[in-house]
Each structure stands twice: as C-alpha cells, then as structure tokens.
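Excluded from the calculations below are hydrogen atoms, water molecules and symmetry mates; all remaining heavy atoms, backbone and side chain alike, are included. Nothing here was measured: the structure is a model prediction, and the numbers come from that model.
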Amino acid sequence: MQKGRGRTSRIRRRKLLRCSVSRGGTGRGLMSRTALPVGQMIISVPESCLLTTDTVIRSYLGAYITKWKPPPSPLLALCTFLVSEKHAGDRSPWKPYLDTLPEAYTCPVCLEPEVVNLLPRPLITKAREQRSCVGEFYTSSRDFFSSLQPLFSEAVESIFTYSALLWAWCTVNTRAVYLSHRRHGCLSTEPDTCALAPFLDLLNHSPDIQVKAAFNEETHCYEIRAASRCRKHEEVFICYGPHDNHRLLLEYGFVSPRNPHACVYVSRDILVKYLPSTDKQMSKKIAILKDHGFLENLTFGWDGPSWRLLTALKLLCLEAGEFTCWKKVLLGEIISDTNEKASLDITRKICSYFIEESNAVLQKVSHMKDEEVALTNQLTLVETLWAEELKILQASATILGSLQTGLA
C-alpha cells in the first residue's frame, strides 16, 4: 500500500508494479497465478471497500466526531475507528481486513529504547522525534476518547490505550494509499488524503519496480496495473518510492537489501572530525556551507562519496591562499591537486571511521541477540540495516582507493 510525506500524509505513492522473481524474506505477498502482460489489471479495489474518513463519519462515530471541538484530525478519526473496530472483534464488519493486519509493527517508534540506541545517529534522532510525535498525539486525544464512553460497556481507558493507538497510527502511517477527497467540515483542516485499501497492502516493496497506481474516477476503484510482463507464479511487487533504507525503516518498518537508493549519511560533527583544529577560517567555511545548503544530505552510496560530500570537503580543505576560490568549489571547479588530494584523504578517513563503527555495532548486536532473546526480531532488523551500510561503505572505500591512485 501507499503512503507519502509528512506525518500521516507520508502516503506511499507507489509507482505501479512490475513483477520480479519471488524473493525470500518478503513475508506475506501476492503471487501471479497466470502470466500478466503489460497493462494488465492486477488489483482493483472498489471505493466502497476503501476505509476513509467518509467511512468513519458514516459510522456510529460520526455523531461524536461532528460535535467534538476543536474538530478532530482526519488521522485521529481513522485511528479511532481502527481501535474501536478491532475491539469489536467478531462483531466488526471489517474483521476480515483487520485480521490481515500485523499485530505489531517494526517502525522505530515501536522498538525498545535499547534497540533504537543501536541505530545510526541520524536515524536515532528521527526515531525519537517519531516517538515524541505519537506520544503527543495520544495525550492530546484522550479527552476525545473519553467522550466516546456511551458507545462502550468497558471503560474507554482500557480500550483506547497508548499501545492500541500506536498500532492504529502505524497501520495508517505504513499502509495508507493516497486518495484526495472533499473536506469534511467536522474534521480539522489537516490534509485528508489517506485511505486503507484491503488486499492491496499485501503487495511487497521492490526498489527496482516502476509503478503507477491511482484512484480511477471513472470506475471509482483504486487500481494497479502491470507496467511490465510478469511470468506465472512470480511474486508481484510495487515500489513505495525511491527511498533510502533510513526512510523505509522509519516509515514502513523494514530494510531493503541491495537498495540502490540506500546511503550512509555524514553528519556535521563527522564531517569536520579529521580536519585540522588550527584552521582559523574553519568557522567561515562552515558558515558558507550552511548558507548554501551543503551541510545536509552528505552521503556515501554504492557509487562512492556523493558529489555534495566531496564538494563540502574540498571547500573545508582550502588552504588560506585558496579561500577566495570557495565559489568556484561550489560550482564544481578544481582548485589545485593539493586540494583534491587533501579532500580525498579526509573522505577516506571518514569512510574508514564509518566502517569501524559499523563493524563494532554489528558485533554488539550479535552479542545482544545471544543475551536478549526477546529482542531477536528487532535486533535482526537493526543488524540488517548496519550490514547494508557496511557493504555501501566497503564499495565506497574501493572507489576512493581508485580515485586516490589516479591522483598519485
């Protein structure tokens, strides 16, 4: 299923499917029973089967949502409905769909704190922000939940717990498709673009797939069509977007092996770690990089250090007599052989630092898996992420070696 950007508006705009050979480790999935030609309809979910805020407002919750002030958000409406219907059990008409949903999710907000602390530093920060966001969402929603007491024989506090809301939040955040529809006056002005589509979210992600999936206004169905041929008995995949593994883990709770979009992020503190502390122009250089947006998205990828990373380091490595050439550096010009060699040397040192860090964390995770059996699944997820980053760094180290040899 799909989802994009922002809190719950991170709707995965999964660009339609192509089919790939079935891969191990995908868990649940869908397999083609017949050969699928290009353009073949794969899935068509009628609008009446989509779970949206329209569904919620037409339900028994509608009257309570309409009279609540300030108006609940579309996200709160969907989450409340999910928790309530799951609590209803066999009495819920949505039970067949709810039974297909995971009992627990593996987004960082669901991981134990000691596991989160093992993530790469940039991801730790985002994971903590995610946890804070959900915690605030729960706290700010408790009064609304209390207003629903007439609907239940049990105390609402025992139904709308933090864990129940977390499950619902993750369900929407990881599985919603993008569907724009008319705004409801009884809901807040936040974007109302999420829809849960039964069956469709069984399709697994592959970063190599070019996808096209959308709501068909003529048929009033959410449709997915084959964008390339798919052989009989192959697993059908879709792509959630060109996301790196940090975003896939943060938003969807998994890591994609050999992800062509995967990368290793270099933070500001690591960027300057191996630069001489005696450089009197360092603060000016950092200010220039910040003003021109060169302190963000500095990465190592499968094809080596990014142009942005190399450019930032070339500027930081300018000698005193070269400093006036900083604009030329940002434009991609070569200043001197000395600058080229110095910046590559610092890049190699940073890459080596990350390789050592990755190996150390992987060793720590391995030991924890032996000692913390209950956390095995969560630790395996973290282990996979670091293993993928190590492969990227090793590939980058090889490329850097070739670049340095060329300058020798």
Side-chain angles (χ1 to χ4, degrees), residues 5 120-126 207 241-248 250 258-358 388-408:
R5 297 187 165 80
R121 279 183 294 275
L123 194 50
I124 290 177
T125 300
K126 292 178 181 179
H243 305 319
D244 61 49
N245 279 335
H246 284 207
R247 184 169 178 184
L248 288 176
L250 186 70
R258 296 298 302 180
N259 180 1
H261 309 294
C263 59
V264 177
Y265 288 91
V266 180
S267 59
R268 173 176 166 174
D269 59 326
I270 303 300
L271 184 68
V272 301
K273 183 178 178 68
Y274 297 102
L275 293 168
S277 57
T278 55
D279 188 344
K280 296 180 180 179
Q281 296 170 318
M282 184 57 66
S283 59
K284 292 182 180 179
K285 293 176 179 178
I286 293 295
I288 290 172
L289 291 176
K290 183 178 180 180
D291 290 344
H292 290 79
F294 272 83
L295 289 179
E296 304 293 334
N297 295 321
L298 308 178
T299 61
F300 289 98
W302 293 107
D303 54 354
S306 67
W307 179 83
R308 291 174 60 82
L309 174 58
L310 288 175
T311 300
L313 287 170
K314 287 177 184 180
L315 193 150
L316 291 171
C317 288
L318 287 173
E319 295 182 352
E322 300 173 328
F323 183 62
T324 55
C325 298
W326 65 264
K327 288 184 179 180
K328 293 183 178 180
V329 174
L330 296 183
L331 291 174
E333 295 185 27
I334 294 177
I335 304 305
S336 67
D337 286 345
T338 300
N339 179 260
E340 291 290 306
K341 291 177 181 178
S343 58
L344 280 179
D345 183 58
I346 297 296
T347 307
R348 180 187 58 78
K349 289 179 179 179
I350 293 174
C351 186
S352 296
Y353 166 81
F354 278 130
I355 288 176
E356 291 179 10
E357 180 187 44
S358 299
E388 287 299 304
E389 298 210 345
L390 179 58
K391 293 174 186 175
I392 291 171
L393 293 164
Q394 290 169 336
S396 291
T398 299
I399 293 170
L400 282 167
S402 298
L403 291 173
Q404 287 183 303
T405 300
L407 287 175

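Residue Ser343 comes nearest to Lys314 through the heavy atom pair OG-CG, 3.5 Å, listed as atom of the first residue, atom of the second, then distance. Taking every heavy atom of both residues into account, Ile346 and Cys317 meet most closely at CG1-SG, 3.9 Å. Considering every non-hydrogen atom in both His243 and His261, the closest pair reads O-CB, 3.5 Å. Of all the heavy atoms in Gln281 and Ala320, the pair that sits closest is OE1-CA, 3.5 Å. Taking all atoms of both residues into account, the shortest heavy-atom contact from Cys351 to Leu393 is SG-O, 3.3 Å. Taking all atoms of both residues into account, the shortest heavy-atom contact from Pro305 to Ser396 is N-OG, 4.2 Å.
Evaluation of the ring-ring contact (aromatic ring centres under 6.0 Å, His included) test over residues 268-292, restricted to residues two or more places apart or in two chains, returns His292-Trp326. Residue pairs satisfying the salt bridge (Lys or Arg N to Asp or Glu O under 4.0 Å) criterion with at least one member in residues 259-278, sequence neighbours excluded, are absent.
Side chains of Ile334 and Glu340 form a contact here, defined as non-hydrogen atoms less than 4.5 Å apart. Between Asn339 and Glu322 the shortest side-chain heavy-atom distance falls below 4.5 Å. Looking only at side-chain heavy atoms (C-beta outward), Ile286 and Leu316 come within less than 4.5 Å of each other. Thr299 is not listed as a side-chain neighbour of Asp244, based on a closest heavy-atom distance of 4.5 Å or more. Between Ser267 and Tyr265, the closest side-chain pair of non-hydrogen atoms is not below 4.5 Å. For the pair Arg258/Trp302, a side-chain contact is recorded, criterion being any heavy-atom separation below 4.5 Å from C-beta on. Side-chain atoms of Leu330 and Phe294, non-hydrogen and from C-beta on, do get closer than 4.5 Å to each other.
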Report task. Check the pair Glu388 / Asn259 against side chain to side chain contact (heavy atoms under 4.5 Å, CB included), numbers first and verdict last. Result -> CA-CA 9 Å; Glu388 287 299 304; Asn259 180 1; 5.8 Å; no
Report task. Apply the test side chain to side chain contact (heavy atoms under 4.5 Å, CB included) to residues Leu309 and Leu271: give CA-CA distance (whole Å), side-chain angles for both, the deciding distance (0.1 Å), then the verdict. Result -> CA-CA 9 Å; Leu309 174 58; Leu271 184 68; 3.8 Å; yes
Query raised in the report: For His246 and Glu389, what are the C-alpha separation, side-chain angles and deciding distance, and is it a side chain to side chain contact (heavy atoms under 4.5 Å, CB included)?
Result: CA-CA 10 Å; His246 284 207; Glu389 298 210 345; 2.6 Å; yes
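Between Arg348 and Asp345, at least one side-chain nitrogen of the basic residue sits less than 4.0 Å from a carboxylate oxygen of the acidic one, meeting the salt-bridge criterion.
Using a distance-only test at 3.5 Å, with no hydrogens or angles considered, a donor-acceptor pair links the side chain of Arg308 to the main chain of Glu296.
Atom CD1 of Ile288 is separated from atom CG of Leu295 by 11.0 Å, given to the nearest 0.5 angstrom. Taken to the nearest 0.5 Å, the CE atom of Met282 stands 10.0 Å off from the CG atom of Leu318. Atom CD1 of residue Ile392 and atom CD1 of residue Ile355 lie 11.5 Å apart, to the nearest 0.5 angstrom. Atoms CG and CD, from Asp279 and Glu319 in turn, are 10.0 Å apart once rounded to the nearest 0.5 Å. Rounding to the nearest 0.5 Å gives a distance of 7.0 Å between CD1 of Ile350 and CG of Leu275. In this structure, CZ on Arg247 lies 9.0 Å from NZ on Lys126, to the nearest 0.5 angstrom.
Between Phe354 and Phe300, the angle of the ring planes goes over 60°, which puts this pair in the perpendicular group of the 30/60° scheme.
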